[in-house]
Visitor: 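After the structure tokens below, expect a handful of questions from me.
Everything numeric in this text was worked out from a predicted model, so none of it was measured. Chain letters run A, B, ... following the sequence lines, proteins first, then strands; residues in each count from 1.
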Amino acid sequence: MTETNFPKLEEAVLAFWRENQIFAKSDRKSAPKGEFVFYEGPPTANGKPAMHHVLARSFKDIFPRYKTMQGYHVTRKGGWDTHGLPVEIAVEKKLGVLGRKALNHQEIAEFTKQCREWVFANIEDWNYFTERMGMWLDLENAYVTYHNSYIESVWNLLKRMWDKGMVVQDYKVVPLSPRISTTLSQNEIADGYREVDDPSVYVRFPLKLETTPPAVREKLQAQGVRLEDLENLAILVWTTTPWTLPSNTMAAVNPAMDYAVVRSPSVGHLIFATEAVERLKELHKEELEVIAHLKGADLEWWEYTPPFPEVCVELGVVQQQGEKRPDGKPVMHFIALADFVSAEDGSGIAHEAPVYGAEDLELARQYGTPLLFGTNEYGLMQVTDERGKFFKDADKGLIRIMKERGVLYHAGQIRHRYPFHDRTGDPILYFAKPSWYIKTSNFRQALYDNNEKIHWIPEHIKHGRFGNWLKDNVDWAISRERYWGTPLPFWVSEDGSEYICVGSVRELSELVGRDLSDVDLHRPYVDEITFVKNGKTFRRVPEVLDVWFDSGAMPYAQWHLMVDQDGKPLPGFEANFELWRKHFPADYICEAIDQTRGWFYSLHAISTLLYDQPCFKNVICLGHLVDEKGHKMSKSKGNVVEPLPMFDKYGADAVRWYLFTGSEPGEQKRFSERLVQEAQRGFLGTLWNVYSFFVLYANLDRPNLNQRPAVQDRPEMDRWLVARQQQLIQQVTAALDAYDARGGGKALEQFVEELSNWYVRRNRRRFWKNDDTTDRESAYATLWEALVTVTQLAAPFTPFIAEALWQNLVRSIQPEAPESVHLSDWPQVNSDLIDSTLLTQMGAVVKVVGLARGARATSGIKTRIPLPRVLVTAPSEAELAGLRRFADEIAEELNVKQVEVLGLGEELLTYRVLPNLPLLGKKYGKRVPAIRAALAELDSQMVAQTLKAGRGLSLELEGERIVLEPAEVLLEALSPEGFAAQEEGGYMAALEVRLDEDLLLEGLSRDLIRLVQQARKDMGLNVSDRIRLTYQADGKYAQSLAKFGSRLQEETLALSLEPGEPAGFITELSDEEGSVKFGLSKA
RNA sequence: GGGCGGUUAGCUCAGCUGGUUAGAGCGCACGCCUGAUAAGCGUGAGGUCGGUGGUUCAAGUCCACUACCGCCCA
């Protein structure tokens, strides 16, 4: 065996690539098919590379390698995502600036400096890891999102959107830590949930009868209820946050739900969800009588008096309570419809204070209602007698006021989970803050239509996770009150009346009146840049950009694209423009499934808004890696599998192979070391074995592989392998064209399995003892071609082993061949060589041999002992022809003297008669069971004769006669009596188990051959060394030697075989058949 | 609470538009082979296809409900 230490082999290949700059050369490989565009979704280099990065990078690597071999050029520009919260949090921890409300200039400078350093904390690990796993990526020219050039391109994109009116300022509900008014991230909140008791209050909102919707009037009338008779009619609204009630602008009902008009002895008439009636009875301990039913949808626009009507005037939002809009609709304080309202808790009518909830704010947008800020952003009440109190402390007082006003129906408590801020201990305040938005919702249709043009893997993401998300698209909030990010290029005048969006450094320089080319565009430096225009001083807005915009901008910013409103390059940026144009849109991108709302979306949104086209044509959306038990890998659980030890132990190829073929790419994958080991032993091991076999004998025989016999002159067995190999090229090419790595891998695996266990196994002798030179040369040629083809086809999957094989198989004998397998051209299918008849026939042979081996096993007679006869059959005429054609192969493989191929209707065979259900079901439907029963009754020989003659089968069915077409009946051969047989699906092999003296002696001779061969090996002889044999034998062994001695000599390369006292190396055997003792000496 | 995906042998996974006895690899047990040999091959055991109900001549596959796991969102 040659080198089998895969990790060591991989290191050698890496050295080879490095020394000979193979990656750089692949960049210059001729590319008649043009550019295949790949985008690297930028990882962050502050963390360590983990196994899921191997997954993504493997899939990112395989298709560019494939396309390069196919004759495309692939630019593999790396990239790093460098801004954002994770970096800031890490640095905050380090610097200890926790929960500070605002940093001063000096502090920001220190902070962003630290961020910049921290970003590449693990860059060395990343560079090493990427190379080691065999991913070719240009890391030297990687784009970096914090570079000034990158930021400038992002500004350019924003400016174009700004000029098109796509950028607006609006409110966004964010989680705040009150008192310090710091925006928190989801992660910071996730840990802070606590069980707490909060108020649960039911409040009456009296309805204004003059605004009753017509649908309500009609329905009440139909149910015999007069509106005027309803006393104190009010909706019953539920909330757990009384402090938000002063900010109430709407009450929401679910349009699909049932609502009841209920009479309460204590307060008059109430409307709330029918589902809640029983609960309220229980809760408030009073008898409630349902007198009418309404649908939620009926109630829209019905106006009510809120519990704190004075607030809206007090805040100056309207002139007077109950004000109308120009179209006659109320400005606020009416019933709105919302799908999110449920009746599982409360009354089924939700109180809407849009300032304090994201869904509520969205509803306010839909209905165009203004906002009432009952608190400020520090959580202090701004209105009512509770003014100045911390919001949670205002509940009691507000409840008292409502009681006095007679609108409180019921006040209780509820235990639920509510988030708190760890560091301050305060409850989280969800609060609407002004924020910058991109109006993506205006492009909902375009976003959706462009998505139709994308090929998603897996398919369901397209209309599922991603499509649904686009359908419900809301505006993209792009501003963050942070420090380390692309600063928003918006400058606002001191009076707040005018905004200027800056689209380039040059533009900013002109506004300021000095050259800013060397200024760091980050905070705090950019904050110092002010200018005067129209007599007003402009300062930058404080926010930075959402990092997802950074990453979504990479198609443009990685080339420092700078264009004007018409998309034409700005002066001096013509070359950048050409680079961009050559690389837009992407043919292929790949990331894990969590990117649907991250990178996939940001790419798609930006390209749709600015170019109205998708940004990528094909996308593989990977499932997550979990541990052996299906749990998420996390450091705290200690179940993380590190990639580098896997590479060191099994090699990167093994890991890659497992990731490609282990399961569908979109599925969640359970990862374990064992599976990598399996991949190594399976595909890689088998391939390597075949290769070793080839090398072992090729080194002895030195066949001339540069002058190979024509395919048509080769034996059938070789032509079969050639056909199979062409079929493989077809399969792998089709699979990779469809971005189906798994399909391609499975085809390769299947081929290598057949190559090893059928072709090599069957043809071994042609390599090691074959005086027929033509035949030997043919075998070498055929096996060599198959290995070379597999090497090339496997190159994108397992680049290391493929390279090693290429160097040894091809480069060693063809110095003019491409220097690396990755610089070679993808194999082309020669369909003339796909002999499908031959493939079908050989398929039947393999099948039947498999069955016969099973039969051998059950018979208990070792393969070594020849048997006189095997009967075989197959379900189709084409396959029977194959069995006849390859009868010799079958005989040899099974060690039987005679192969008898049985056709349809022969006497030795009996059959199982089966209905062809797919055909019969369509034709006869309900009568299928009866037909089935009738068929079972028939004599199978008769049926076989009938079908053999090509006649239909006539059946008596409940007095009716029907005739089944031959194709509607299936026959499966059964094992005949008295044979060791196996059958399956119409294939059958039956061994005649009859031992005679001759066959036994022949079988024993094989034992003797094996004995001598083992001795040769123990002596340390070469396979080609000649020997001399002396022996003593008795019993059956003596007979066997007498009869088959010459064969023994032949097989063991013995020049002589003499009876007498054994001399030299001694080996012996003794059992019930007799005994034998050999002496071997080297000739 | 909503959306999407998953649940098939001890493990990792296939099962196309419904159709005959639900497959593969690994592991396990037993055996074979012995000039690919610290390899190779075969056979066997092992399955209520998460559960319930429905549609159908026929359901792992279609429909409804449901349980559990995962991801995203709220």
Visitor: What residues form a salt bridge (Lys or Arg N to Asp or Glu O under 4.0 Å) with A:E359, not counting sequence neighbours?
Guide: none
Visitor: Can you tell me which stems RNA chain B forms, taking runs of 3 or more consecutive Watson-Crick or G-U pairs with both distances under 3.5 Å?
Guide: B:1-7 with B:67-73, B:10-13 with B:23-26, B:28-32 with B:40-44, B:50-54 with B:62-66
Visitor: Between A:E359 and A:L755, who's closer to the 5' end of RNA chain B by nearest nucleotide?
Guide: A:L755
Visitor: Is the distance between the ring centroids of A:F683 and A:F797 under 6.0 Å?
Guide: no
Visitor: For nucleotides B:G27 and B:U37, find the distance between their C1' atoms and express it as a whole number of Å.
Guide: 23 Å
Visitor: A:N254: which residues meet the side chain to side chain donor-acceptor pair (under 3.5 Å) condition with it, sequence neighbours left out?
Guide: none
Visitor: Mind calculating the distance between CD (A:E678) and P (B:A24) to the nearest angstrom?
Guide: 15 Å
Visitor: Could you check whether A:E749 gets within reach of a base, just the sugar-phosphate, or nothing at all, counting any heavy atom under 4.0 Å?
Guide: nothing
Visitor: Pick the P atom in B:U43 and in B:C26, then give their distance to the nearest Å.
Guide: 12 Å
Visitor: Under the side chain to side chain donor-acceptor pair (under 3.5 Å) test, which residues partner A:D1025, sequence neighbours left out?
Guide: none
Visitor: Rounded to whole angstrom, note down the C1' distance from B:G46 over to B:U66.
Guide: 29 Å
Visitor: Using the C1' atom as the reference point in each nucleotide, state the distance between B:A39 and B:C33 in Å, no decimals.
Guide: 11 Å
Visitor: Under 6.0 Å between ring centres, would you say that holds for A:F466 and A:W469?
Guide: no
Visitor: Using a heavy-atom cut-off of under 4.0 Å over every strand shown, decide if A:Y697 touches base, sugar-phosphate, or nothing.
Guide: sugar-phosphate
Visitor: Take atom CD of A:E664 and atom P of B:G6, then tell me their distance rounded to the nearest Å.
Guide: 11 Å
Visitor: Which part of the nucleic acid, if any, lies within contact of A:S756, taking any heavy atom under 4.0 Å across all strands shown: a base, the sugar-phosphate backbone alone, or nothing?
Guide: base
Visitor: Could you check which of B:A74, B:U43, B:G19 has an atom nearest any side-chain atom of A:Q982?
Guide: B:U43
Visitor: May I ask you to say what A:R681 touches in the nucleic acid, namely base, sugar-phosphate or nothing, with a heavy-atom cut-off under 4.0 Å?
Guide: sugar-phosphate
Visitor: With the side chain counted from C-beta on, respond yes when A:M646 and A:M51 share a heavy-atom pair under 4.5 Å apart, and no when they do not.
Guide: yes
Visitor: With the side chain of A:Q1014 defined as its heavy atoms from C-beta on, choose the nearest nucleotide among B:A36, B:U20, B:U34.
Guide: B:U34
Visitor: Expressed in angstrom and rounded to an integer, what is the separation of A:F340 atom CZ from B:G3 atom P?
Guide: 16 Å
Visitor: I'd like to check the side chain to side chain donor-acceptor pair (under 3.5 Å) partners of A:R444; sequence neighbours left out, ordered by chain and number.
Guide: none
Visitor: Can you check the distance between B:U55 and B:G47, where both ends of the measurement are the P atom (answer in whole Å)?
Guide: 30 Å
Visitor: Which nucleotide wins on minimum distance to the side chain of A:R670, given the candidates B:A74, B:C13, B:U34?
Guide: B:C13
Visitor: Round to the nearest Å and state the distance from A:R764 atom CZ to B:C41 atom P.
Guide: 10 Å
Visitor: Please tell me if A:N757 has a side-chain N or O lying less than 4.0 Å from either OP1 or OP2 of B:C41.
Guide: yes
Visitor: Using the P atom as the point on both nucleotides, what is the distance between B:U8 and B:G60, in whole Å?
Guide: 15 Å
Visitor: NA contact type, A:G682, heavy-atom cut-off 4.0 Å: base, sugar-phosphate, or nothing?
Guide: nothing
Visitor: What integer number of Å spans the P atoms of B:C62 and B:U20?
Guide: 16 Å
Visitor: Considering only the C1' atoms, how many Å lie between B:A64 and B:A59, rounded to the nearest integer?
Guide: 15 Å
Visitor: Separation of A:K471 atom NZ from B:C4 atom C1', in whole Å?
Guide: 13 Å
Visitor: Could I get the full list of side chain to side chain donor-acceptor pair (under 3.5 Å) partners for A:D1007, not counting sequence neighbours?
Guide: A:R864
Visitor: Looking for any heavy atom pair under 4.0 Å, which part of the strands does A:K669 touch: base, sugar-phosphate only, or nothing?
Guide: sugar-phosphate
Visitor: For A:R597, which contact category applies under a 4.0 Å heavy-atom criterion: base, sugar-phosphate, or nothing?
Guide: sugar-phosphate
Visitor: Which sits closer to the 5' end of RNA chain B, A:A855 or A:V928, going by the nucleotide each is nearest to?
Guide: A:A855
Visitor: Return the value, rounded to whole Å, for the distance between atom CZ of A:R674 and atom P of B:U12.
Guide: 8 Å
Visitor: Output the single nucleotide from B:G40, B:U20, B:C41 whose closest atom is nearest the side chain of A:N689.
Guide: B:G40
Visitor: Specify the separation, in whole Å, of atom CD of A:Q680 and atom C1' of B:A39.
Guide: 14 Å
Visitor: Report yes if a side-chain nitrogen or oxygen of A:R742 is closer than 4.0 Å to either non-bridging phosphate oxygen (OP1 or OP2) of B:A14; otherwise report no.
Guide: yes
Visitor: Heavy atoms under 4.0 Å, any strand shown: does A:E667 hit a base, just sugar-phosphate, or nothing?
Guide: sugar-phosphate
Visitor: Which nucleotide, B:C13, B:A36, B:C41, lies nearest any side-chain atom of A:E753?
Guide: B:C41
Visitor: Under 4.0 Å between a side-chain nitrogen and a carboxylate oxygen: does that hold for A:R1047 and A:E1050?
Guide: no
Visitor: Calculate the interatomic distance between A:W758 atom CH2 and B:C41 atom P; express it in whole Å.
Guide: 14 Å
Visitor: Closer than 4.0 angstrom, basic N to acidic O: yes or no for A:R761 and A:E893?
Guide: yes
